[in-house]
Amino acid sequence: MVTIQPFSIPDELAGYLYVTFFLANIPLGGILARIFFLVPKKTMGTLVMIECRELSKSYLIEKKSVFAVNNINLSINKGEFVVILGHSGSGKTTLLSLIGGLTSPDRGQVLVAGEENWQLSDNALSTMRNSRIGFIFQFASLIPTLTVMENILLPLTFSRNPAGSREMARDILSEVGLADRENAFPSQLSGGQQRRVAIARSFINRPDIILADEPTGDLDEETERDILELFRQYNANGTTFVVVTHNSNLAATQKNARVFSMRQGVLSAHTI
Amino acid sequence: MIPKNIEKQLNILDYALSSLWRRRLKSLSVLLVFAAVIFLLASFQMVTQALTAKAKQLLVHTPEITLQQMSAGRQEAIALTYSHQLAEIFGIRKVVPRIWGYYFDEVRLANYTIIGMDLSEIPGNALLDTTLLSGTMPEKAEQGKVVVGQSITKSLELGGRLTFSLFRPDLSLKSFEISGEFAPDTDILSHDLIVMNLADARDLFSIPTGLATDLCVYVTNPQEIETIAKKISAALPGVRVLTRPQIQKTYQVVFGWRSGFGSICLLAALAAFAILAWDKASGLSPEEKREIAILKVLGWETGDILAVRFWESVSVSGLACLVGITAAYIHVVYFAASLFRPVLMGWSVLRPELQLLPRLAAGDILLILAFTVIPYLAATVIPAWRNATVPADAALGG
């Protein structure tokens, strides 16, 4: 019995598109691709969701410059699930901050959906973060004076459909198992519950990319399984994930996850 | 359909108000301190303006030029014979002798101001003549008739009586009958005033005939006051010449000095508040810094974060202004500025019961805003701006 996958394409066409999009990401190649392959500009570059080019970032520690991220080249396609493993201080969080446009690189470029982060104005960068990226931080980054519902709705403060936003937030709260806690304050929740609220908030604006820093750190086994299943569903629907963790089992829970190791700011393909 | 920009600002305002509500204890304490400072400042400004305006309005009735005899730097009785010399100066309409003195009531420990003058002699009868509550001013021929200020009848405990007696210097009694009462709106000048004719005042103080305490000079053309005053100074070298503008200026200086004194005290309070506000606002708490960082990470623009702070500050300071100015108005109108009366109205035993009409011009409101709202806005928005422009990961500690 032949099973046809949704959106499956013949290998020949895949090869053709690969070349096209590869060229599209090289300035001259992009022009050539548009001329010879008649690829509309709008669709160009959408396959590669995140691209880091010779990315470096260092910090001064005791008057010594230490590389947190050292000359990283990384290309992540739309819908990929990327896991970056590494010990504390290996530079994983800095890499996420660079990708998310939270900090500027010393050298190199970060392109998100074809646009270079640090070529954007501060406002455009904020808009990009708001519309394209969902952040899950290592520490639950909730505003303590807001309720669970208000925290989740923060990215949608300027939404034109507040009523719809609330319904959407309730759906996501159900997905993370906190349907009955929407009016609770963060101080009334456990560390794991706070983490789940932060995860729910990262999904509220239906982002293209989820950047997650130790997303399962505070969770018990059962909740961790549920959350990773949720990640898998969102990933299956096309959301790109970049997850940094020291939990080497996390990658195994996701379909076709690409796994990297990071050590002293250097990224390398992970080998078991 | 609301324009997108206005809708965004409304959302930000909504967030700012709910943020204030979340920190209601802190917001309320800032609001109360802020309102108290504005209340003091506005009260002071209102009462100073009201008193100055009132004094200015009443001093219109003072003589255009007043002459006093000086001897060894002190005032003494002036001879009425100077009138002949003054008659030769062109532009003088009339010279009217006056006895202006103070009577100390030892029983009641009160000072009364006595003015003895033949009012019918004054051109236009201009001595507060339009401001009598009842009765008439004493005529030249009416011996023993007086017009008194509101506080005098209370101080003398007359009840329904219209007669009272005062002691001459030789301790013999001189009787008076009240023929009229000054209106309350002249209280600032008339509250301790007894007006009688010249002969009665001379009798009360035992001043010899041919002398008075001062001579009131009325001129034909008020534009010529200064010129005539100079001519008088030249003609009568030992005489102090006071013009109406000089007297008005003196009153303004007195009120100005008192209000300046009060303002300095208030400015000190204001400075303390500004330092407190700056300290509170500039040293954003770690929670506040974290909140700003989280908002940035979630895609809020720097301008949105500043707008939240701006609306928070505008709400607090606007409400504080409203509360402070309203409380100041009530304080001045209904409580007769009881907090500032001793400073602004002197320490007289007979205190005038003034009904002040507060005056607060647009310039005064702008002054209050400049000293309160603008520093507060700066003290709250600038630190937020500094925080909102640093990379968000630094504030998150990532």
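In the text below, chain A, chain B and the rest are named by the order of the sequence lines, each starting its count at 1.
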*Please examine the side chains of A/Leu125 and B/Lys296, heavy atoms only from C-beta on, and report whether any two atoms are closer than 4.5 Å.*
no

*Report yes if the side chains of A/Thr127 and B/Glu301 come closer than 4.5 Å at any heavy-atom pair, otherwise no.*
yes

_Main-chain N/O of A/Leu154 paired to B/Trp300 side chain as donor or acceptor, under 3.5 Å_ = yes

_Any side-chain to backbone donor/acceptor pair from B/Arg290 onto A/Ile143? Under 3.5 Å, distance only._
no

*A/Leu146 versus chain B, heavy atoms under 4.5 Å apart: side chain, backbone, both or neither?*
both

*asked:* At a 4.5 Å cut-off on heavy atoms, which part of A/Asp122 comes close to chain B: side chain, backbone, both, or neither?
replied: side chain

_Tell me if the CD atom of A/Glu116 is crowded by more than 12 foreign heavy atoms within 6.0 Å._
yes

*State the OG-CG distance between A/Ser126 and B/Leu298, to the nearest 0.5 angstrom.*
10.5 Å

*Applying side-chain contact (heavy atoms from CB on, under 4.5 Å), run through A/Arg201 and B/Ile294 and close with a yes or a no.*
CA-CA 12 Å; A/Arg201 186 180 61 192; B/Ile294 291 168; 3.8 Å; yes

_Around atom CD of A/Glu115, are there more than 12 heavy atoms from other residues, nucleotides or ligands closer than 6.0 Å?_
no

*Does CD1 belonging to A/Ile61 count more than 12 external heavy atoms closer than 6.0 Å?*
yes

*Select one option (side chain, backbone, both, neither) describing which atoms of B/Leu10 are under 4.5 Å from chain A's heavy atoms.*
neither

